[in-house]
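In this text the structure is predicted, and so the values were computed from the model without any measurement. Start at 1 with the first residue, then count along the sequence.
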Amino acid sequence: MIDILLPAIWETIYMSIVSTSIAVIIGFFTAIVLILTQKDGLMENIQLYRVLDVVINTLRSFPFIILMIVLFPVTKMIVGKSIGTTAAIVPLTIGAAPFIARLIESALKEVDQGVIEAAKSFGAGNFQIIFRIMLVEALPGIISAITLTLITVVGFSAMAGAVGGGGLGDVAIKYGYYRFQTDVMMYTVLVLIIIVQIFQSLGDYLYKITKK
């Protein structure tokens, strides 16, 4: 059982952390552009905002399994193969990026407008307001967004196992479903719960630190 689960645990953690990290980078800069170009934003550009809004909503509307299959050609072009643990990172990243972009955008919108206006009155530039004021004020919310995204990606990675993505989802399908080994299925679910609890506890700890 250990020989079966340990590699799968590593694959799940590897897929989840790498894809979430890349998605955070993409989503972060997308959220910044959305905040800057929104109506009454610091660099208002309604056309660009609407284009990004449509792209994000379109990607978010895809069920992950379908998105992964649709992206097989793109994954193969980037990674060199369409299935496997590393290949699964591509659709996981593309699936998570618009999700976290919206969450970070929401966190930035929660920043008190009075603080922003005060910074403007002191002559702060747009990027100073974004990076020195809004991001600092929104940091706890951003950490919560990253935690939620990471947990969501863990669930996505389990679904990726159904179409050759590896990890705990692959073990659950291969042994628990096809071979009717209920004990393997139960251990897989238990491990996923533990992983999610660890990620959530770490996220809560970082949130409390930044909230002080």
Is there a side-chain contact between I130 and L36 (heavy atoms, below 4.5 Å)? yes

Please give me the minimum heavy-atom distance between A96 and V153, naming the atom from each residue. CB-CG2, 3.7 Å

Hey, does Q38 have a side-chain heavy atom less than 4.5 Å from the side chain of E44? no

Criterion side chain to side chain contact (heavy atoms under 4.5 Å, CB included) on I116 and D112, from CA distance to verdict: CA-CA 7 Å; I116 297 173; D112 188 356; over 6 Å; no

Hey, can you tell me if F64 and F156 have their rings parallel, tilted or perpendicular (30° and 60° cut-offs)? parallel

To the closest 0.5 Å, what do you measure between CD1 (I9) and CG (L192)? 9.0 Å

Keeping the roles fixed (side chain from S16, backbone from I13), state whether a donor-acceptor pair exists under 3.5 Å. no

What one should report as the nearest heavy-atom pair of V171 and A8 is CG2-CB, 3.4 Å

Which value, rounded to the nearest 0.5 Å, describes the distance between L190 atom CG and L168 atom CG? 10.5 Å

Quick one: pull up OG1 in T188 and CG in D170 and give me the separation to the nearest 0.5 Å. 10.0 Å

Is there a donor-acceptor pair under 3.5 Å between the side chain of T20 and the backbone N or O of I17? no

Within one Ile-Leu-Val-Met-Phe-Trp-Tyr cluster: I146 and L108, side-chain cutoff 4.5 Å: yes

Which pairs pass side chain to side chain donor-acceptor pair (under 3.5 Å) with one or both residues in residues 189-200, sequence neighbours excluded? Q200-D204

Cluster check F131, V24: I/L/V/M/F/W/Y, side chain < 4.5 angstrom: yes

Say whether, by atom type as modelled, one donor and one acceptor occur between the side chain of N57 and the main chain of D53 under 3.5 angstrom. yes

Evaluate whether atom OH of Y205 has more than 12 neighbouring non-hydrogen atoms of other residues, nucleotides or ligands under 6.0 angstrom away. no

Can you give me the closest heavy-atom contact between K109 and I35, atom names plus distance? CG-CD1, 3.7 Å

